[in-house]
Amino acid sequence: QVQLVESGGGLAQAGGSLGLSCAASGRTFSISVMGWFRQAPGKEREFVATTGWSGGATYYADSVKGRFTISRDNANKLVYLKMNSLKPEDTAVYYCAARRLSLSTVVAAQYDYWGQGTQVTVSS
């Protein structure tokens with residue numbers, strides 16, 4: 001099993017920045033892909049960004065491309081999401097996810113492990 005714990009959410013003003021962290025523990029050797037997703041009230045969980053656990057390409061949702069950056073620190077088993085130029089529509093609970101299979105995907109159901117989520121609220 002893999003455990004994921006997010007941190008770093010909070011309140012920001014539109015145009016501001018926030019950074020999220022995701023700490024992985026347990027059988028982390030089984031992880032191939034890490035992703036960030038978000039879910040706003042009354043909406044489905046949506047893809048934000050993904051990266052290979054040991055390198056490889058990163059992918060972003062069109063809605064965050066150019067504003068958000070996913071990165072990782074393998075030595076410390078951390079994945080980050082740096083969010084700049086925040087918009088009120090970025091308000092959501094943000095989830096970290098891990099996938100065993102090596103093919104990157106934007107489909108939430110194809111991830112095997114999930115964190116508990118952290119709230120991000122952007123005021124206008």
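- The CH2 atom of Trp53 lies 7.5 Å from the NZ atom of Lys77; values are rounded to the nearest 0.5 Å.
- Of the charged side-chain nitrogens involved, at least one lies within less than 4.0 Å of a carboxylate oxygen, so that Lys65 and Asp62 count as a salt-bridged pair.
- The structure places CG of Asp112 at 6.5 Å from CG of Leu101, a figure rounded to the nearest 0.5 Å.
- Nearest heavy atoms, Arg72 versus Asn74: NE-OD1, 3.3 Å.
- Checking side-chain atoms of Gln13 against main-chain N and O of Ser123 turns up no donor-acceptor pair under 3.5 Å.
- Listed by chain and residue number, Phe47, Tyr111, Trp114 satisfy the ring-ring contact (aromatic ring centres under 6.0 Å, His included) test with Phe37 (two or more places apart in sequence, or in another chain).
- By the ring-ring contact (aromatic ring centres under 6.0 Å, His included) test, Tyr80 is found to be paired with no residue, residues two or more places apart in sequence or in another chain being considered.
- How far CH2 of Trp36 is from OG1 of Thr51: 12.5 Å, rounded to the nearest 0.5 Å.
- Put simply, CG on Leu78 and SG on Cys96 are 9.5 Å apart, with the number rounded to the nearest 0.5 Å.
- Note on Tyr94 and Met34: same hydrophobic cluster, where clusters join Ile, Leu, Val, Met, Phe, Trp and Tyr whose side-chain heavy atoms are under 4.5 Å apart, directly or indirectly.
- Once rounded to the nearest 0.5 Å, the distance linking CD1 of Ile31 with CZ of Arg99 reads 13.0 Å.
- Taking both residues in full, the closest heavy atoms of Leu4 and Ala24 are given as CD2-CB, 3.7 Å, listed atom of the first, atom of the second, then distance.
- Residues Val93 and Val106 share a hydrophobic cluster, clusters being chains of Ile/Leu/Val/Met/Phe/Trp/Tyr side chains in contact below 4.5 Å.
- Heavy atoms of other residues, nucleotides or ligands lying less than 6.0 angstrom from CD of Gln116 number more than 12.
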Go through it in stages, so that I can follow the logic: the residues are Phe68 and Leu86, the test is side chain to side chain contact (heavy atoms under 4.5 Å, CB included), and I'd like the CA-CA distance, side-chain angles, deciding distance and then a yes or no. CA-CA 9 Å; Phe68 290 12; Leu86 284 163; 4.0 Å; yes

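- Residues Thr50 and Thr105 are not in side-chain contact: their nearest non-hydrogen atoms beyond the backbone lie 4.5 Å or more apart.
- Contact between Gly10 and Leu18 at its shortest, heavy atoms only, is O-CD1, 3.8 Å.
- Linking Ile, Leu, Val, Met, Phe, Trp and Tyr whenever their side-chain heavy atoms come within less than 4.5 Å puts Val33 and Tyr95 in one cluster.
- With Ser17 as the partner, the side chain to side chain contact (heavy atoms under 4.5 Å, CB included) test is satisfied by one option alone out of Arg67, Lys82, Met83: Lys82.
- Of the options Val120, Thr91, Val64, a side chain to side chain contact (heavy atoms under 4.5 Å, CB included) to Arg38 is made by Val64 and by none of the others.
- In this structure, Ser32 contributes its side chain and Arg100 its backbone to a donor-acceptor pair below 3.5 Å.
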